[in-house]
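Just so we're on the same page: letters track the sequence lines, and every chain starts at 1.
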Number of protein chains: 2
Amino acid sequence: MELGRFITENGTSLSREPGQHVFRQGDQNASLYFVRTGLLKAYYLSADGKENIKSFILPGDHIGSLMANHAGKSCSFSLVCLKQCELVALPFRTLYQSVRTDPDISGAIVDLLLSFAMKKEVREYELLCLSAEDRYRRLIESTPEILKLVTQNEIARYLGVTPVGLSRIKKRVMA
Amino acid sequence: MELGRFITENGTSLSREPGQHVFRQGDQNASLYFVRTGLLKAYYLSADGKENIKSFILPGDHIGSLMANHAGKSCSFSLVCLKQCELVALPFRTLYQSVRTDPDISGAIVDLLLSFAMKKEVREYELLCLSAEDRYRRLIESTPEILKLVTQNEIARYLGVTPVGLSRIKKRVMA
DNA sequence: TCGTGGAATTAACCCAAGTCAAAACCCATG
DNA sequence: CATGGGTTTTGACTTGGGTTAATTCCACGA
């Protein structure tokens, strides 16, 4: 069976309003979410209340807390809707079980995990090797759409600088 | 079949001296490597000659360039031995094909990818949310062994600071 | 025991970004 | 069209870490 169908057949749809959370840091949550429409952000909240944005999630993307799914731990980040969202939730268990029974699904899962791992690897590279300014430059090049969708405040928290910092970077870059 | 056996049966052993590369940034390389013994480092080299260390690889770990394996791109980083190493190389293709034929292997691969993805997620968190000093603290807590195995220079490049920077952090931390 | 070369530390100086606080801007709404 | 809330920009000041270069440490071989 092909993955798209598997998801619709085994998952449960849900919709969320802007501002609503799908799960929060510390929750137990054992599902993978597929985004049909909308926009979400995954973020960390530090002990002193600072927000750091892990990623933005767009239609066609999927997200879930690996930690919470796999190791029986709790979610290390929160997932919140920035716009009205239509999602499909799939218990991780369901997916995991069919790895051993359905070769098509297991192929699809491997691809899913591979593309996920590659994304993380790129992000790791950017955070390790590039300056905030370079990361900003790359963002404008690779996904300019995102700039329209979220506040500059959020872009900053995604790039790993403060809003004030990003404002200064912008000025520098355009000059 | 169980993964360990699968690897020994389908892979080819190789050994490398300290200083020898397994592959270099820019290479085409379509294998996954399993480390039997030794120590390696995966690193990025920037245009202006600066080194940034992606990770250290210890016995029992596995590594390969996802980019080069999957998307037909070339390796985004280099892999070099820090000590004499015994490795097993497994063509990615072999692994990928048996996902569809052998449920045990495909389960093992999914686990492999999951643990890989989780590691990357932790690293992403550290680079995004923690200061260099916090990262250093965490390193001493979580894997103090590594401090004995590599130079402080390399620890610094792994943490994302210069050797000079790390020296200052150390002084601050011990006080 | 004395060099010698690589690793680590220290010092002096600089710059990017953080912090805090005060404008300025930008709308939506009444 | 004025008001008020949120977002962005600016300014003044501080700080962590980069850079370069000098110095100290140490292990090791002659």
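- Between Phe77(A) and Tyr43(A), the ring centre distance reaches or exceeds 6.0 Å.
- Centroid-to-centroid, the aromatic rings of Phe56(B) and Tyr158(B) come within less than 6.0 Å.
- With respect to Arg157(B) and Glu51(B), no salt bridge is recorded, no charged nitrogen being found less than 4.0 Å from a carboxylate O.
- Salt bridge status for Arg123(A) with Glu124(B): present, with a side-chain N to carboxylate O gap under 4.0 Å.
- In this structure, a donor-acceptor pair under 3.5 Å is absent between the side chains of Tyr33(B) and Asp61(B).
- Taken to the nearest 0.5 Å, the CG atom of Leu45(A) stands 9.5 Å off from the SG atom of Cys129(B).
- Taken from CD in Gln152(A) to CG in Leu147(A), the straight-line distance is 9.0 Å, to the nearest 0.5 Å.
- Listed by residue number, Val164(A), Gly165(A), Arg168(A), Ile169(A), Arg172(A) are the residues of residues 163-173 of chain A with a heavy-atom contact under 4.0 Å to DNA chain C.
- Along DNA chain D, the stretch of nucleotides lying under 4.0 Å from any heavy atom of chain A spans, 5' to 3', dT8(D) to dA12(D).
- Counting to the nearest Å, the P atom of dA8(C) and the OH atom of Tyr136(B) are 11 Å from each other.
- Look at CD on Glu133(A): it is 13 Å from P on dG18(C), rounded to the nearest Å.
- Of the residues in residues 48-56 of chain A, none has a non-hydrogen atom less than 4.0 angstrom from any atom of DNA chain D.
- Rounded to the nearest 0.5 Å, atoms CD1 (Ile146(A)) and CG (Leu58(A)) are 5.0 Å apart.
- Contact annotation: Thr162(A) side-chain N/O to dG18(C) OP1/OP2 distance is under 4.0 Å.
- Atom NZ of Lys148(B) is separated from atom P of dA8(C) by 13 Å (rounded to the nearest Å).
- We find the CG-CG distance between Asn10(A) and Leu95(A) to be 9.0 Å, quoted to the nearest 0.5 Å.
- dT9(C) atom P lies 12 Å from atom CD1 of Ile155(B), rounded to whole Å.
- Atom CG in Leu147(B) sits roughly 17 Å away from atom P in dA7(C) (whole-Å rounding).
- We find that Glu133(B) and Arg172(B) are joined by a salt bridge, their nearest charged nitrogen and carboxylate oxygen being less than 4.0 Å apart.
- Using a 30° and 60° split on the angle between ring planes, Phe92(B) and His70(B) fall in the perpendicular class, above 60°.
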